[in-house]
Amino acid sequence: MDALLIIREAMEHAGFSQAELARRVGVSEAVVSQWLSGKRNPSIRNLQRVMSVCDMTLQMEPKIAG
C-alpha cells in the first residue's frame, strides 16, 4: 500500500479534513495536499505522525525476495 492510500484511510478513520490533519501533524495544509495528490511523499517520520494523530499504527515488515 502506498503512502497516499495510507493517509487517505487514516484521515477517513479519524474524520479529519486536510486542514485538521495538517494542524495535528505539524505541517502546512499545502504539504498534506501534495501528499494526497501524489506530488510529494511523506517521510517515514511524518507518516508515523499521521497514523498516530489518527489513532492508528504504522507497521512495516521486510519483504524477502526469493
Side-chain angles (χ1 to χ4, degrees):
M1 182 178 275
D2 65 14
L4 168 74
L5 295 175
I6 291 169
I7 294 169
R8 282 191 177 156
E9 187 173 315
M11 286 175 64
E12 184 176 315
H13 171 79
F16 291 160
S17 65
Q18 288 184 29
E20 181 65 14
L21 181 68
R23 185 184 70 76
R24 290 177 182 247
V25 173
V27 298
S28 69
E29 190 174 346
V31 168
V32 172
S33 178
Q34 289 172 345
W35 292 343
L36 293 173
S37 68
K39 293 179 182 175
R40 184 174 177 176
N41 286 316
S43 65
I44 294 295
R45 185 175 183 181
N46 278 336
L47 192 53
Q48 288 174 321
R49 285 182 181 156
V50 166
M51 299 303 286
S52 179
V53 302
C54 292
D55 199 26
M56 298 177 80
T57 58
L58 178 65
Q59 182 176 342
M60 295 185 286
E61 296 178 3
K63 182 175 181 180
I64 300 172

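Every heavy atom of this structure was used, including side-chain atoms; hydrogens, water molecules and symmetry mates were not. By convention here, the first residue in the shown sequence is residue 1.
- Atom NE2 of residue His13 and atom CE of residue Met51 lie 8.5 Å apart, to the nearest 0.5 angstrom.
- Taking Arg24 as the reference, Glu20 meet the side-chain hydrogen bond (donor to acceptor under 3.5 Å, both in side chains) condition, with sequence neighbours excluded.
- Put simply, the side chain of Ser37 gets close to the backbone of Ser33: a donor and an acceptor are under 3.5 Å apart.
- The shortest non-hydrogen separation linking Trp35 to Val25 is CH2-CG1, 4.4 Å.
- Taking all atoms of both residues into account, the shortest heavy-atom contact from Val53 to Phe16 is O-CE1, 3.4 Å.
- The CG atom of Leu36 sits 10.0 Å away from atom CD of Glu29, with the distance rounded to the nearest 0.5 Å.
- Between Leu47 and Ile7 the shortest side-chain heavy-atom distance falls below 4.5 Å.
- Here the straight-line distance linking atom CZ of Arg49 with atom OG of Ser43 works out to 7.0 Å at 0.5 Å rounding.
- Between atom CE of residue Met11 and atom CE of residue Met56 there is a gap of 12.5 Å, rounded to the nearest 0.5 Å.
- Applying the side-chain hydrogen bond (donor to acceptor under 3.5 Å, both in side chains) rule to Glu12 yields no partners; only residues at least two apart in sequence or on another chain are considered.
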